[in-house]
Amino acid sequence: MPKDISVVQAAAYGFIFPGARGWFDPANVARMAQDAAMITNPNTSVPAELLAYIDPAVVEIMTAPRRAREIFREEKKGDWTTPYMKWRVDEMVGKTQPYSDYANGTTSDVNSEWITREQYVFQTSITYGDLEMALSSAAKVNLAASKQRAAATVLDIDQNRFYLLGVAGRNITGILNDPNLPNAITAAATGTGGSTNWSTKSTQQIYNDIRALFAELTTNSNGLIDPNTPLILALSPELAVALGSATDFNISVVDMLRRYFTSLKIVTLPELHSDSAGETVLMIAEEVGGQPTGILAFGEKMRAGRIVPGMSSFRQKFTASTYGGIVRYPFAVAQMTGA
């Protein structure tokens with residue numbers, strides 16, 4: 001067959017094009033150009049999802065800082081089978097009298113008291129299914145590891161809360177609510193309009209309140225605590241901003257504190273939020289006479305249970321325990337309200 005033939009010649013070979021006028025039909029140019037009308041929806045050549053960039057970085061939702069461990073150190077006492085812990089408090093007692101060859105004299109002795117604290121065991125668990133894992137794996141997500149991390153975080157959040165506030169209904173108290181703590185003093189009403197709030201006070205007035213808090217420590221300790229003692233100033237994040245208040249000579253409250261106290265650590269506790277009486281501030285001596293003022297006691301930090309398979313899923317339990325925050329020397333903790 002010739003390469004270039006007419007419509008009539010094509011018909012002789014069996015190729016019939018009814019109504020064709022040569023190879024060109026001016027009334028139907030568009031259809032001839034694409035052979036037939038388009039039956040698909042207009043679109044780009046690939047799905048937009050295939051063009052998306054998946055960032056490997058993961059943005060995690062942040063939780064409030066857990067800073068009880070910045071006040072006292074943690075110590076392990078027993079394990080999760082320990083129902084309670086006991087410790088001994090010794091007091092040296094006695095007196096003297098003038099010497100005499102014919103008198104036995106007064107006696108000296110030691111009085112021992114045993115203190116008991118319960119242990120509280122708490123738990124959380126995670127579950128993940130086969131299909132759930134497969135779908136996450138296709139997205140390059142280690143779902144089981146993420147859920148295990150969530151369990152560890154939840155346990156740690158509660159552990160921090162128990163260290164500070166104890167466990168309701170149990171013989172377990174925390175740093176902030178130990179019943180043996182001395183009564184709180186009130187901030188001086190020297191602010192604007194006779195207010196006690198630091199937000200209304202000058203740099204000098206805020207510094208004087210903190211100095212009054214330290215005076216409470218020295219009085220209660222009978223001089224065992226002095227400006228050279230390692231101290232902790234605990235206050236809320238909102239109130240910590242007031243420590244940056246400066247004089248016209250650019251001297252802040254922090255500058256004044258550093259000059260007087262040789263070893264002062266400032267710790268912000270979100271748990272010290274304000275109430276109707278204002279903010280609460282704590283000053284704590286880290287140790288007295290070489291002994292720590294308090295400890296954070298636990299039996300188990302985290303205990304991972306066995307992975308239990310179901311028909312098409314898995315379940316795992318995580319356990320921890322606590323004795324709360326134990327204040328050994330309550331007189332070494334001073335509180336101020338209304339700041």
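Since the structure is predicted, the reported quantities are computational estimates derived from the model, not experimental observations.
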Decide yes or no on side chain to side chain contact (heavy atoms under 4.5 Å, CB included) for Gln205 and Thr200, but give the supporting numbers first. CA-CA 9 Å; Gln205 290 168 338; Thr200 67; over 6 Å; no
Do Ile251 and Thr203 pass the side chain to side chain contact (heavy atoms under 4.5 Å, CB included) test, and can you show the C-alpha distance, the side-chain angles, and the key distance before you say yes or no? CA-CA 8 Å; Ile251 299 176; Thr203 302; 6.0 Å; no
Does Leu272 form a side chain to side chain contact (heavy atoms under 4.5 Å, CB included) with Leu176? I'd like the steps, not just the answer. CA-CA 9 Å; Leu272 288 175; Leu176 303 182; 4.2 Å; yes
Side chain to side chain contact (heavy atoms under 4.5 Å, CB included) between Ile71 and Leu282: does it pass, once the steps are laid out? CA-CA 11 Å; Ile71 298 178; Leu282 276 73; over 6 Å; no
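Side-chain atoms of Thr196 and Asp209, non-hydrogen and from C-beta on, never get closer than 4.5 Å to each other. Residues Leu155 and Thr124 have side chains in contact (heavy-atom distance under 4.5 Å, counting atoms from C-beta outward). Between Leu235 and Glu279 there is no side-chain heavy-atom pair separated by less than 4.5 Å. In this structure the side chain of Thr319 never reaches within 4.5 angstrom of the side chain of Glu300, judged on heavy atoms. Counting heavy atoms from C-beta on, the side chains of Tyr163 and Arg66 never come closer than 4.5 Å. Contact annotation: the side chain of Ile307 approaches that of Tyr128 to within less than 4.5 Å [non-hydrogen atoms, C-beta and beyond]. Residues Leu131 and Ser312 fail the side-chain proximity criterion, which asks for heavy atoms closer than 4.5 Å.
Panel note: side chain Thr219, backbone Ala215; a donor-acceptor pair is recorded below 3.5 Å. Using modelled atom types, no side-chain atom of Asp109 and backbone atom of Val93 make a donor-acceptor pair closer than 3.5 Å. For the pair Ser136 (side chain) and Leu143 (backbone), a donor-acceptor distance under 3.5 Å is absent. For Thr293 (side chain) and Ala285 (main-chain N/O), a donor-acceptor pair under 3.5 Å exists by modelled atom type. The main-chain N or O of Phe298 is never found under 3.5 Å from a side-chain atom of Lys76 such that the two would form a donor-acceptor pair. Side chain of Thr82 to backbone of Asp79: a donor-acceptor contact under 3.5 angstrom is found. Looking at Asn111, its side chain never comes within 3.5 Å of a backbone N or O of Glu91 through a donor-acceptor pair. A donor-acceptor pair under 3.5 Å is absent between the side-chain atoms of Asn177 and the main chain of Thr173, judged by distance alone. When atom types are taken as modelled, the side chain of Lys201 and the backbone of Ala339 share no donor-acceptor pair closer than 3.5 angstrom.
Atom CD of residue Gln159 and atom NZ of residue Lys301 lie 6.0 Å apart, to the nearest 0.5 angstrom. In this structure, CG on Asp226 lies 11.0 Å from CG on Leu217, to the nearest 0.5 angstrom. Between Thr190 atom OG1 and Gln204 atom CD the span is 10.0 Å, to the nearest 0.5 Å. Going from atom CH2 of Trp198 over to atom CD1 of Ile210 covers 4.0 Å, rounded to the nearest 0.5 Å. Between the CD atom in Gln316 and the CZ atom in Arg306 there is a gap of 10.5 Å [rounded to 0.5 Å]. Distance check: Glu132 CD to Asp130 CG gives 10.0 Å after rounding to the nearest 0.5 Å.
Closest non-hydrogen pair, Met336 versus Ala212, comes out as CE-CB, 4.3 Å. Of all the heavy atoms in Arg117 and Ile172, the pair that sits closest is CD-CA, 3.6 Å. Ala184 approaches Thr337 most closely through the heavy-atom pair CB-CG2, 3.9 Å. Closest non-hydrogen pair, Gln97 versus Ala103, comes out as NE2-CB, 4.0 Å. Considering every non-hydrogen atom in both Lys77 and Ala297, the closest pair reads CG-CB, 4.0 Å. Taking both residues in full, the closest heavy atoms of Ser245 and Ser202 are given as OG-C, 4.5 Å, listed atom of the first, atom of the second, then distance.
When the side chains of ILVMFWY residues are joined at heavy-atom separations under 4.5 Å, either directly or via intervening members, Leu257 and Ile284 end up in two distinct hydrophobic clusters. Leu231 and Val333 are assigned to two separate hydrophobic clusters, defined by single-linkage of ILVMFWY side chains at heavy-atom distances under 4.5 Å. Note on Leu224: it does not cluster hydrophobically with Leu181, by side-chain heavy-atom contacts below 4.5 Å among ILVMFWY residues. Connection of Leu213 to Ile206 is established within a shared hydrophobic cluster, with ILVMFWY side chains joined at heavy-atom distances below 4.5 Å, either directly or through further cluster members. Cluster annotation: Leu164 and Val167 are assigned to distinct hydrophobic clusters (Ile/Leu/Val/Met/Phe/Trp/Tyr, side-chain heavy-atom contacts under 4.5 Å, transitive).
When the ring-ring contact (aromatic ring centres under 6.0 Å, His included) test is applied to Phe331, the partners found at least two apart in sequence or on another chain are Tyr329. Qualifying ring-ring contact (aromatic ring centres under 6.0 Å, His included) partners for Phe72, counting only residues two or more places apart in sequence or in other chains: none. For Thr116, the side-chain hydrogen bond (donor to acceptor under 3.5 Å, both in side chains) test picks out Lys86, with sequence neighbours left out. Checked against ring-ring contact (aromatic ring centres under 6.0 Å, His included), Phe318 has no partners two or more places apart in sequence or in another chain.
None of Lys147, Lys317, Arg315 except one satisfies the side-chain hydrogen bond (donor to acceptor under 3.5 Å, both in side chains) rule with Ser125; the exception is Arg315.
Other members of the cluster containing Ile295 are Met85, Trp87, Val89, Ile115, Tyr323, Ile326, with ILVMFWY side chains joined at under 4.5 Å, either directly or via other members.
Other residues, nucleotides and ligands contribute only 12 or fewer heavy atoms inside 6.0 Å of the CG atom of Asp248. More than 12 heavy atoms of other residues, nucleotides or ligands shown are found within 6.0 angstrom of CG on Asp90. Enclosure of atom CG in Asn104 is not indicated, since only 12 or fewer non-hydrogen atoms of other residues, nucleotides or ligands lie within 6.0 angstrom. Counting non-hydrogen atoms of other residues, nucleotides and ligands closer than 6.0 Å to CG of Leu50 gives a total above 12.
Looking at Asn197 and Ser199, their side chains never bring a donor and an acceptor atom within 3.5 Å of each other. Using modelled atom types, one finds a donor on one side chain and an acceptor on the other under 3.5 Å when comparing Ser321 with Gln119.
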Donor-acceptor contacts, no H, no angles, side chain residues 260-270, under 3.5 Å, sequence neighbours left out:
unit_1 : atom_1 : unit_2 : atom_2 : d
Thr262 : OG1    : Pro227 : O      : 3.4
Thr262 : OG1    : Asn228 : OD1    : 3.4
Lys265 : NZ     : Glu70  : O      : 2.8
Thr268 : OG1    : Arg67  : NH1    : 2.3

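Under 4.0 Å is where a charged nitrogen must lie from a carboxylate oxygen, and between Asp255 and Arg258 no such pair does.
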